[in-house]
Amino acid sequence: MLYVHNNLTRQKEAFQPIDPQNVRMYVCGMTVYDYCHIGHARVLVVFDVIYRYLRKVYGEQHVTYIRNVTDIDDKIIARANENKESFQNLTERFITAMHEDADLLGVIRPNEEPRATVFMKEIINMIKTLVEGGHAYAANNGDVYYDVSSFANYGQLSGKQMEDLRAGARVAVDEAKQDPLDFVLWKAAKLNEPSWDSPWGKGRPGWHIECSAMSTHCLGNHFDIHGGGLDLQFPHHENEIAQSCAATGEAFVNVWLHNGFVRVDDEKMSKSLGNFFTIREVLKKYAPEVVRYFILTSHYRSPLNYSDKHLDNAKSALTTLYTAVRGLNAPEIIVDNKFTKQFEKAMEDDFNTSEAIAVLFEIAKEINRQRDAAPEQAALLVSQLRQLGSLLGLVQDDPEAFLQGKNQISQDGLSDIDVNEIIKQREQARIDKNWAESDRLRDDLKAQGIILEDSGGSTSWRRA
RNA sequence: GGCGGGAUGGCAGAAUGGCUAUGCAGCGGAUUGCAAAUCCGUGUAUCUCGGUUCGACUCCGGGUCCCGCCUCCA
């Protein structure tokens, strides 16, 4: 039985899909005006793992995963103006970049990736319904606002009281709003802004409404899981609930999942603080799988501190796993033993990836123990390690490729050919028992980041 | 100010009312021409003060500190 921590109830609860034949999950994706940073990588990877696990439990054909793209908003418009390019051009570029980054990180593509600009009709219809139902009003400045007072449960997800929110010093007073907590559904276009026609004049959607319109369109009014970063809990997801429930008259989402932040020096990594590292920056130095491993070492709801030291640590750990699966031909057999159960128990406990990874290390240790005495048994365990690893998107590569840094984007230093040439020279020195020369060559390579391992009469190598 | 989350060994990071997390690093041993890798062994911990309990790191209460949301943000 799969248990998940539902942010709506703030409790771990048994996950019961509305329809086990079609488990439906929507995750808030990126606003595409810049490259994705490590915080975005975390959402991508965390929900990828959740998606993988749901597919394992309910079957590949029985899970629908939607991750949207916000391709129109103030920042996009501002950035496009700065760059003197069309906003479409800007967003296309960054959508492509996002796909490149996600693919490198081993993130399975969602079933659909709806974009706000493609769903204008649905967005406008939903706003119309809200206005007609008395949940929204057109203000005299041309904007349309959601009337928060019309929705009794407002604040449930974020645990906020409307009174407290109003008392909060940071709620700006906007003349056009009837209540400072009301939020915009439709923004009237200013001069030279991209706009769409609507019953309220030219304009564009507010941020929250696109997710309500697209999620219900793609998944139905009432679906299983809605996810995103913790910073979206309020106001974004709170507002989505208000909009969707008011528009459809039905329950919206059963389970809300939010991943914790990536931090730098104990501070949230964010665009506004400017303390972010883009995925592509980091991938210049570390293999994508190292980044993925790093993200999965901690529980998805915990904060995750980013630093080179932690990535180095992740690389060493992953090296241990790849070293264990090296040199054994894994048969295509499903292995089911105590490790499988341990692993599943961990994953079914609100996707406890750190505990699941611990199981991978236990398997690795067992492989190493058995490798000489019982190679067939060891090979079976290699299959298992890879099968379980596939649920996390880890240890799926060719071991030599990982260990020799072939899947790292930037390769510097010696080429494989150089390395093999030096190894050959050293072989001769070793045959001659010229240990001084042999050690000199090895030290030489080590100084260039190449580590040699002599075992079983042959020499293998890896990049440090 | 309101609301919420958290404090675990050198570092990272899980779990648990009594029993080994795991990884990285360290130390000792085996192995190796020497290494590397691997295996075996090993040390170091639960912020603080009270309470409940046969027993708490785990439950309850006070305190200290950190972080987040309340404004765009994954």
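Letters go in sequence order (proteins before strands), and every chain restarts at 1.
- Across all strands, A:Arg462 comes closer than 4.0 Å only to sugar-phosphate atoms, never to a base (heavy-atom distances).
- Between the side chain of A:Asp224 and the backbone N or O of A:Met25, no donor-acceptor pair lies under 3.5 Å.
- To the nearest whole angstrom, the two C1' atoms, one in B:G13 and one in B:U53, are 30 Å apart.
- With centres under 5.5 Å and a plane angle under 30°, the ring of A:Trp435 is stacked against the base of B:G33.
- Nucleic acid contact for A:Leu452: base, since at least one base atom lies under 4.0 Å from a heavy atom of the residue.
- Under the 3.5 Å distance criterion, the side-chain polar atoms of A:Arg67 are left unmatched by any main-chain donor or acceptor of A:Val27.
- B:U42 is paired with B:G26 under the criterion used here, namely a Watson-Crick or G-U wobble arrangement in which both key atom distances are under 3.5 Å.
- Comparing A:Ser158 and A:Thr323, the nucleotide of RNA chain B nearest to each residue sits closer to the 5' end for A:Ser158.
- The nucleotide whose nearest atom lies closest to any side-chain atom of A:Asn368 is, among B:A35, B:C69, B:C39, B:C39.
- Checking B:G13, B:G33, B:A74 against every side-chain atom of A:Ser298, the shortest atom distance belongs to B:G13.
- Taking atom P on both B:C60 and B:C11, the two are 28 Å apart, rounded to the nearest angstrom.
- By the 6.0 Å contact criterion, CG on A:Asp432 is enclosed, its count of non-hydrogen atoms from other residues, nucleotides or ligands being greater than 12.
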Please tabulate, one pair per line, each protein N/O and nucleotide N/O from nucleotides 19-24 of chain B that are separated by under 3.5 Å, including the distance.
unit_1 : atom_1 : unit_2   : atom_2 : d
B:G23  : N2     : A:Asn313 : ND2    : 3.0
B:C24  : OP1    : A:Thr320 : OG1    : 2.5
B:C24  : O4'    : A:Asn313 : OD1    : 3.2

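- A:Thr9 is linked by a side-chain contact (heavy atoms from CB on, under 4.5 Å) to A:Asn6, A:Gln11, A:Glu13, counting only residues two or more places apart in sequence or in another chain.
- Pair check for B:A35 finds none; no Watson-Crick or G-U wobble contact set falls under 3.5 Å.
- In the model, A:Glu210 has a side-chain atom that pairs as donor or acceptor with a side-chain atom of A:Asn68 under 3.5 Å.
- Comparing B:G43 with B:G28, their C1' atoms are spaced 11 Å from each other, to the whole Å.
- Counting to the nearest Å, the C1' atom of B:A37 and the CD atom of A:Gln370 are 18 Å from each other.
- As judged by a 4.0 angstrom heavy-atom cut-off over every strand, A:Arg440 is placed among residues making no nucleic acid contact.
- When each of A:His310 and A:Val262 is assigned the nucleotide of RNA chain B with its nearest heavy atom, A:His310 is the one assigned upstream, toward the 5' end.
- Residue-level contact check: A:Arg442 touches the bases, meaning some heavy atom is under 4.0 Å from a base atom.
- Geometric assessment of A:Lys75 against the ring of A:Tyr33 yields a negative cation-pi assignment under the 6.0 Å and 45° thresholds.
- At distances below 3.5 Å, not a single donor-acceptor pair connects side-chain atoms of A:Ser438 with backbone N or O atoms of A:Asn434.
- The side chain of A:Asp454 approaches B:C34 more closely than any other nucleotide in the set B:C34, B:C11, B:A37.
- Using modelled atom types, no side-chain atom of A:Asp143 and backbone atom of A:Leu185 make a donor-acceptor pair closer than 3.5 Å.
- Contact annotation: A:Ser302 reaches the phosphate of B:A14 (side-chain N/O to OP1 or OP2, under 4.0 Å).
- In this structure, A:Asp266 places its CG atom 14 Å from C1' of B:C11, rounding to the nearest Å.
- Look at NZ on A:Lys433: it is 13 Å from P on B:U32, rounded to the nearest Å.
- Picking from B:C73, B:A15, B:G33 the nucleotide with the shortest atom distance to the side chain of A:Asn352 gives B:A15.
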